[in-house]
Amino acid sequence: MGQSHIHESARAQVAGAAHYIDDLPEVKGTLYAAPILSTVAHGILNGVDATAALALPGVRGVVLAADVPGDKILAAFGHDEPVFALDSVQFVGQVIGLVVAESVMQARRAVRAVKPDITPLPAVLTVQEALKAESHVLPPVFVRRGDAATGLAQSTHRLSGAFEVGGQEHFYLEGQIAYALPLEQKQWSIHSSTQHPGEVQHWVAHALGLDNHAVRVECRRMGGGFGGKETQAGHLAVWAAVAANKLGSPVKLRLDRDEDFMVTGKRHPFAYAYDVGFDDTGRITGLQLQMAANCGFSADLSGPVADRAVFHADNAYYLSDVEIASYRCRTNTQSHTAFRGFGGPQGVIVIEAILGDIARALGRDAQDVRLANLYGTTERNVTHYQMAVEDNILQALLPSLEQTANYRQRQADIAAWNAQSAVLKRGLAITPVKFGISFTATLFNQAGALVHVYTDGSVQVNHGGTEMGQGLHTKVAQIVADELGVPLARVLVTASDTGKVPNASATAASSGTDLNGRAAQYAARHVRDNLAAFVCGLDGCGAGAIRFAGGQVISPKAVRSFETVVKEAYANRIQLWSDGFYRTPKIHYDKTTLTGRPFYYFSYGAACTEVVIDTLTGENRVLAVDILHDVGHSINPALDLGQIEGGFVQGMGWLTTEQLVWNDKGTLATHAPSTYKIPATGDIPAHFKVQLWPEANREDNVGGSKAVGEPPLMLAISAYEALRNAVAAGRGGDAAAPVVLTAPATAENVLRALGRVVD
C-alpha cells in the first residue's frame, strides 16, 4: 500500500486483450435480442403487432410481458416498474418487448417492423408540471433544525432566488449488455456489466420464478459505470433471461448508443427555490430551501438520491436555522438513477450558489463568506441531520489552497483585466467539498471476501466489489499482498461472482475499497494467522513474533520463503484459505426523520478554478484548476490522482457542456454524441494541478485511506461559481443581484444569464 502500482488490467487493456462481455466466446446456438421501444411518452398499450417482424429472415421470436414466468414487476425497491410494458407506456424509450433473431442486425432490422398500438394520454414532462400536479414517485421529505422562519425574519439581510441544474448521461464506454445462458436443471449463468451482481441475481430469479441459488451472475470488469449500472444493468439481464427462457437458447442483449440513451436513466435534474437570511459577514442566519428532483416515471433509487441531496445541502457549512423540503417528482421520462455523487452534487451546488449570491449582495469576496460559514472543529460542528462533524480539516485545507493557488492576487488581476476587456470576462472561485462516506441505507455497509493461498505460494482473491476501471481490484490486491507479505505480482483478483461471495452490496457510494478491501484484509489475516501459528510451533516462539515481509516468513530462529512455509503447512494439513467479513462501525440513522449518523467519515477537498466567457457568443472555457484533495493515506496515489482528475472533468462536463434536452413530445433529442457533448481533450485546462492532503483518515479505515470515487466530482462546482462570477462581471447593471445561471452553462444559458436571451 502507498505505492503507485499500475492498474491490474492496464497491459491487457492497452493490448486489446482485456475481455468485456461482448468479447466472450459465445455458446453454440446463441441468439441476439433488440428492444421494442415506446414512441409515446404516456399512453395505453392496446397491443403489439409483430407479424411482419416474425416473417423476416432469422427472426426466432418476439418476447412480451406475457412471457415473463415469474413476477411481471421488477424486484426493485419501489416495486413500481414492469419488466416489459404491461397495459400502458410511461416514457419514450420504455421497453415493450424484444425481438430475438440469429444475428444482431437481423434483430435490429426486425424491431423496425414491429407496430405497437398505443393510445396517447397527457404526459407530465417537467418538474414544474409535476409539482403543480402533485405527481410524486415517493412522498416529500422535510428536514428542519431550529426555527428558519424566525431566523429569516430577524436576519440583517435577506435574499431569495431560484435556478435549475440539468441531468447527465453516464456515457460509459461499454454500453449496457447482458448474456443469459440457461443451464441444466433450471439453473442459469448470467454475464452482466453491472455494479451490483447480487441485485442482478435477485432480479433475474424473481422474474423467472426461481430461488436465488439457481442464478449465478459474473462480472470480470465493466467499461465504465458511474452509477448507471447499479440498478439499470439489471433490466438488461432480466430481459435477456426472459427471452432465453422462452426460446430455450442463450441470448445476448446489447443496447446500441442511441438505445442506451433512450432507455436508461440519467443523473436527476433538480430545481431549487431558496429564501436565505444572513448578517454583515455573510454568515447564514436562516434558510428555507426547496429541492425538487425529476425522478422520471418510477422510483428506482430516487429516494436515497434525494435523501443524499438533503444530507449535502449544507456541504461544508453550519446551518443554525434551516428548513429543507425535498420533492421526488414523477415525470413521463426515463427513470433517473444513480450517478457519481448520488445526489450529493445536487445538494452541494445549491448552498454554494446561495453563498455566491450572498457575497455579491454584500460586495464581499466569496471566499471570505465561505470561511465565515464553515463548520467549526469544536463548536458549530453538528449537521442539520444531527451528525457531529468530528474530522473537519477544511479550516486548514481551504486557506492552504487559497495560498498555493495565489487566489487573492489572481482575483485582483482578474478584476483589473475585466475592467479593460469589453467582450471577454474572467471569473475565479474556490469551493470546498465535504462528502459523507457510507451507504445511507445502513444494511449495505457490509462486505465479504475469499482469499486462497495455493501450494506454490500464489494467492487468489475474490470479493463482492466490481471493477469498472477505478482500480478497485488493484487496491484490494495491494492490501492482501501487504497482509501476507508477498510481492503484488503473486496476488490475483478474480471476477466478481455471486457463486463465491453472496449478497454483496453494490460497488457504489465510494465505499468499494473501504468495504471490500477491509474484508479481503481480514480474510488474508486469517490465513496469515494460521501460517504464523504453524511456524511458531516449529520454532517454539509466540505467534506475535512471526513477521511476513518481502516474500519471507521471519521468526526469531529462522527465515523461510513464503512458498516454503505454505508447502510445509499444506503437508501438515493447515487451512490455506479463509473468508473475511466487514461491517462499517458507528453508523446509524432514522430514515423517517433523516437524523443520525449515516456516514462513517467525511472526505474533504477544495478546488480553485478560473474561467473565461465571451459575452457576445456565450462561449466559455475553463482556463486553470488547482485542487487540494483529501484521500487520507493513499493506497495507490496514481489511481487516486486519476480519480480526482477524472471526477473533476466529469463534473465540469455536467455543469458546462452536457445538456439533456427533451422535446415537447417527451423524446430525448440529445441521444447521441453528435448532440450530447461530454468533455474532450481540448476542454482540459492548460493548468491542471492536483495535490493530496497529507493527513491519514482519522477513523480506523483500511490503510488510513479515504474514499475517492465520488467526492472529486463536486470540486467542479468551482467552475460553475467561477462562471457565475464572470457573468456578473459581464452583465453590468445591478452588481449585487443574484446571477441565475441554469446548468449546464451552455452558450445559450450563459447569454440568458447575461440578459441577452429573453425567454
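Excluded from the calculations below are hydrogen atoms, water molecules and symmetry mates; all remaining heavy atoms, backbone and side chain alike, are included.
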**Asked** Yes or no on salt bridge (Lys or Arg N to Asp or Glu O under 4.0 Å) for D630 and K434, after CA distance, side-chain angles and deciding distance?
**Response** CA-CA 10 Å; D630 165 38; K434 174 183 69 63; over 6 Å; no

**Pair D413-Q409, side-chain hydrogen bond (donor to acceptor under 3.5 Å, both in side chains): steps then yes or no** = CA-CA 6 Å; D413 293 344; Q409 183 60 52; 2.9 Å; yes

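A parallel orientation is assigned to the rings of Y676 and F171, their planes being inclined by less than 30° (bins at 30° and 60°). Ring geometry, H336 versus W662: the interplanar angle exceeds 60°, so the pair is classed perpendicular (tilted spans 30 to 60°). Classified by interplanar angle (parallel below 30°, tilted 30° to 60°, perpendicular above 60°), the ring pair H268/F270 is perpendicular.
Side-chain contact check for D260 and H170: no donor-acceptor pair (N or O, by modelled atom type) lies under 3.5 Å. Neither side chain, E230 nor Q195, offers a donor N or O lying under 3.5 Å from an acceptor on the other. Side-chain N/O atoms of D279 and T281 include a donor and acceptor closer than 3.5 Å. Counted by atom type alone, T746 and E748 present zero donor-acceptor pairs between their side chains at under 3.5 Å.
Pairs engaging residues 393-438 under the ring pair (Phe, Tyr, Trp, His ring centres under 6.0 Å) rule: H312-F435 [sequence neighbours left out]. For residues 734-743, there are no side-chain hydrogen bond (donor to acceptor under 3.5 Å, both in side chains) pairs, not counting sequence neighbours. Among pairs with a residue in residues 338-357, those fulfilling side-chain hydrogen bond (donor to acceptor under 3.5 Å, both in side chains) read Y274-D357, N315-E352, Y317-E352, R340-Q643, R340-Q650, E352-R370, D357-R360, D357-R724, at least two apart in sequence or across chains.
Residues L668 and V92 form no side-chain contact, since every pair of their non-hydrogen atoms from C-beta on lies 4.5 Å or further apart. Annotation: side chain of V382 is not in contact with side chain of V389 (no heavy-atom distance under 4.5 Å).
The distance from the CG atom of L723 to the CG atom of N620 is 5.0 Å, given to the nearest 0.5 Å. Between the CD1 atom in I414 and the CG atom in L428 there is a gap of 4.5 Å [rounded to 0.5 Å].
With D321 contributing its side chain and D147 its backbone, the two residues share a donor-acceptor pair below 3.5 Å.
Within 6.0 Å of CZ on R380 lie more than 12 heavy atoms contributed by other residues, nucleotides or ligands.
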